[in-house]
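Worksheet: one structure, shown below.
Residues take their numbers from the sequence shown, with the count starting at 1. Both counts, for ligands and for their atoms, begin at 1 and track the order of listing. All values derive from a computational prediction rather than experimental measurement.
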Amino acid sequence: LSSPVVLQVELREKRVETPDVRSFIFALDRDLSYSPGQYLVMDLGVAEDPKGRIRPFSIASSPTEKGLLMISTRVTSRLASSLFKKRLNELEPGSKVNIRAPFGRFLLPADTSKGAVMLSGGIGITPLRSMIKYATDLRPDLGITLLYSNRVPEDIPFRKELTELAEQNPRLKIIHTITHPRDSRERWTGLTSRIDERLVKHHITDVFNTIFYVSGPPGMVDSMLVILKKMNVRSQSVMSESFAGYE
Ligand SMILES: Cc1cc2nc3c(=O)[nH]c(=O)nc-3n(C[C@H](O)[C@H](O)[C@H](O)COP(=O)(O)OP(=O)(O)OC[C@H]3O[C@@H](n4cnc5c(N)ncnc54)[C@H](O)[C@@H]3O)c2cc1C
């Protein structure tokens, strides 16, 4: 794993992913060596934010997407939005920000005989998007199943892109589950349960040859870990990234 470096990156594009999620795409004018699943730490110099001036964000882009670095985050329109997020949301293309990267050990399995089962909800997709894009580009041997839960279909970040990746990658299976289909204008004919033991069991063939990946806000990660524990999955077979900082 590469040691973290400090660098300044320039915002190239802000992208609306869903009503609540924005991606920030920065130009990378030097080579940054990182692995899919790792995170960066951003400093926007907002000294007056009570939670501090820095935030960690998983790198949502893949190292195979050269010359750019992407993060995606929830921007709440609620008054509760932090000063950091307000500043982030106000950045315009051309703005420069300071980051430190890469960090973290939330990494794809080196051993390709094991399949990856990813459990996530909402914004927790960010490091998994990086891994899935990377595996589709460079690790066609790796079997990946993503069980992804969102409230309504309109809330699924990277929805179109995930569908396209699954079309390109025969070893990638994506199962969406929508917990509040009635709140959507779109008619949903897919799964509607939460991610529970039954759903996970249904989608794994060999629990001993599976590495589980769980990422997202702490409450979501904890509930997924409880499910895996109930299934007697060994802790060595579980990788998790908890987005501390979300309540
Ligand atoms: C390793 C790591 C990786 C991370 N990766 C990401 C990432 O990829 N994307 C990302 O967005 N965050 C990520 N985080 C969390 C991130 O660092 C922030 O802590 C988080 O985005 C919350 O930011 P905030 O408090 O500045 O702002 P805001 O999002 O503005 O939140 C303000 C307050 O409102 C609460 N809140 C926000 N939305 C809701 C809601 N819908 N319901 C209830 N309460 C809510 C928050 O918990 C917070 O207390 C990561 C954290 C770690 C440790």
- Query: What part of Thr73, side chain from CB on, backbone N/CA/C/O, both or neither, has a heavy atom under 4.0 Å from ligand 1?
  - Reply: both
- Task: With heavy atoms only and a cut-off of under 4.0 Å, state how Pro217 meets ligand 1: side chain, backbone, both or neither.
- Result: neither
- Task: May I ask which of Phe243, Phe103, Tyr246 has a heavy atom nearer to atom 51 (C) of ligand 1 than the others do?
- Result: Phe243
- Message: If you take the nearest heavy atom of each of Met42, Arg129, Lys86, Lys85, which one is closest to atom 29 (O) of ligand 1?
- Response: Lys85
- Item | Whether Phe57 and Phe84 hold their rings parallel, tilted or perpendicular, with breakpoints at 30° and 60° | tilted
- Message: Over 60° means perpendicular and under 30° means parallel, so tell me whether His176 and Tyr148 are parallel, tilted or perpendicular.
- Response: tilted
- Item | Ile156 with Leu147, same ILVMFWY side-chain cluster at under 4.5 Å | no
- Query: Can you hop from Val221 to Leu128 via hydrophobic side chains spaced under 4.5 Å?
  - Reply: no
- Item | Other residues, nucleotides, ligands: >12 heavy atoms within 6.0 Å of Tyr134 OH | no
Counting N and O atoms only, with roles assigned by atom type, does the side chain of [X] sit under 3.5 Å from a partner on the main chain of [Y], one being a donor and the other an acceptor?
X	Y	value
Glu65	Ser62	yes
Thr163	Arg159	yes
Asn150	Pro153	no

Any N or O on [X] sitting closer than 3.5 Å to an N or O of ligand 1?
X	result
Ser242	no
Thr126	yes
Ile123	no

Show which atoms of ligand 1 fall inside a sub-4.0 Å distance from at least one heavy-atom site of [X].
X	value
Ser81	30 (O)
Lys51	24 (P), 25 (O), 48 (C), 49 (O)
Ser72	7 (C), 8 (O), 9 (N), 10 (C), 11 (O)
Gly245	19 (O), 22 (C), 25 (O), 47 (O)
Tyr39	1 (C)

- Task: Check whether any heavy atom of Gly104 sits under 4.0 Å from an atom of ligand 1.
- Result: no
- Message: Cation-pi check for Phe243 against Arg74: NZ or CZ below 6.0 Å from the six-membered ring centre and within 45 degrees of the axis, yes or no?
- Response: no
